[in-house]
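The structure under discussion appears below in the form of structure tokens.
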Amino acid sequence: MSDAPERIDDEMVIREFRAGRIGGGDSPFGLLLLHTVGARSGEPRMNPVGCIKEHGKILLWASNYGLTKHPAWYHNLKANPKVKVELPTGEAEMLAEEITDPAEYTAAWARVLELNPGVSGYPATAGDRQIPLIYLTPVQ
């Protein structure tokens, strides 16, 4: 038996999301489909990502199931911070900005744990990396 976290079938999640069966509805905690541009390839990419929607912003956490490497989508949005998201309510162009202020990071991580306690063990298994937290704000 492997100690690796169980992976989720992204294609199934995308189908269920687009069919309206998952996504979060009116809850601040939910799911979105994140459209990025590949950091190296320049090709379009799409990933289902957990999120918190509050105060006109969207908070993402690049936990990668607590693995020691950042998820590919994180590298993509760092290289190309203008992204598109699909939400249950529609699509939006957004700009990604990583949270670097320690106090803001601590508050945002506490909110992630409050709404998604299943990630609480991820920092312990992520090795030396801090799990990045990213705000998405609408492009005006």
Side-chain angles (χ1 to χ4, degrees):
M1 181 135 228
S2 170
D3 287 337
E6 183 178 333
R7 293 299 196 144
I8 296 172
D9 178 357
D10 285 352
E11 292 302 318
M12 184 272 305
V13 171
I14 292 166
R15 282 192 307 274
E16 293 292 306
F17 178 89
R18 287 184 169 160
R21 291 189 280 272
I22 60 174
D26 293 332
S27 170
F29 173 68
L31 183 73
L32 58 76
L33 301 182
L34 179 66
H35 295 259
T36 60
V37 175
R40 289 185 297 212
S41 71
E43 296 294 320
R45 304 285 184 231
M46 179 181 52
N47 299 92
V49 178
C51 66
I52 296 173
K53 301 165 279 197
E54 293 182 312
H55 312 296
K57 293 183 178 181
I58 297 175
L59 175 63
L60 308 179
W61 48 99
S63 63
N64 202 22
Y65 305 98
L67 296 175
T68 58
K69 294 183 179 181
H70 296 312
W73 62 260
Y74 168 77
H75 298 289
N76 294 345
L77 67 79
K78 289 295 285 184
N80 301 292
K82 189 173 179 185
V83 300
K84 181 175 87 172
V85 297
E86 286 182 58
L87 297 161
T89 56
E91 296 181 359
E93 297 288 327
M94 310 209 70
L95 190 61
E97 183 177 0
E98 186 168 356
I99 298 173
T100 57
D101 176 74
E104 188 178 4
Y105 183 96
T106 299
W109 183 248
R111 187 66 172 145
V112 170
L113 294 178
E114 176 186 343
L115 294 175
N116 186 19
V119 301
S120 64
Y122 288 176
T125 62
D128 292 336
R129 78 176 182 100
Q130 181 179 44
I131 294 171
L133 300 178
I134 299 101
Y135 274 126
L136 301 180
T137 55
V139 172
Q140 302 299 342

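For this chain, numbers begin at 1 and follow the sequence in order.
Listed for the N76 side chain is no donor-acceptor partner under 3.5 Å among the backbone atoms of T36. For R129 (side chain) and G66 (main-chain N/O), no donor-acceptor pair under 3.5 Å exists by modelled atom type. Remark: side-chain polar atoms of D101 are paired, donor with acceptor, to backbone N or O of A103 under 3.5 angstrom.
Atom NE2 of H70 sits about 9.5 Å away from atom CD1 of I131, to the nearest 0.5 Å. Expressed to the nearest 0.5 Å, how far NZ of K84 lies from CE of M46 amounts to 9.0 Å. Residue W73 holds its CH2 atom at 8.0 Å from CG of N47, rounded to the nearest 0.5 Å. Expressed to the nearest 0.5 Å, how far CD1 of I134 lies from CG of L95 amounts to 12.5 Å. Atom CZ of F29 is separated from atom CZ of R111 by 11.0 Å, given to the nearest 0.5 angstrom. Here the CG-CD1 distance, from L32 to I52, works out to 11.5 Å after rounding to the nearest 0.5 Å.
At a threshold of 4.5 Å between side-chain heavy atoms, the hydrophobic network of Ile, Leu, Val, Met, Phe, Trp and Tyr places V85 and I99 in two separate groups. Transitive grouping of hydrophobic side chains (ILVMFWY, heavy atoms separated by less than 4.5 Å) brings V83 and V49 into a common cluster. The hydrophobic cluster containing L67 does not contain Y74, counting ILVMFWY residues as joined when their side-chain heavy atoms lie under 4.5 angstrom apart, directly or transitively.
Closest non-hydrogen pair, L60 versus G50, comes out as CD2-O, 3.6 Å. The shortest heavy-atom contact between L77 and A96 is CD1-CB, 3.7 Å. Nearest approach of V139 to M94, heavy atoms of both residues: CG2-C, 3.5 Å. Taking all atoms of both residues into account, the shortest heavy-atom contact from A62 to P71 is O-CD, 3.5 Å. Taking each heavy atom of L59 and V112 in turn, the nearest pair found is CD2-CG2, 3.7 Å. Here the closest non-hydrogen pair linking L33 and R18 is CD1-NE, 3.6 Å.
E104 places none of its side-chain heavy atoms less than 4.5 Å from the side chain of L133. Under the 4.5 Å side-chain criterion, counting only non-hydrogen atoms from C-beta, E91 is not in contact with H35. At least one side-chain heavy atom of L87 sits under 4.5 Å from a side-chain heavy atom of I58. Looking at heavy atoms from C-beta onward, K78 lies out of side-chain contact with P132 at the 4.5 angstrom threshold. Proximity of H75 to R40: side-chain heavy atoms (C-beta onward) are nowhere separated by under 4.5 Å.
Ring geometry for Y105 versus W109: interplanar angle under 30°, hence parallel rather than tilted (30 to 60°).
Within 6.0 Å of CD in E97 there are 12 or fewer heavy atoms belonging to other residues, nucleotides or ligands.
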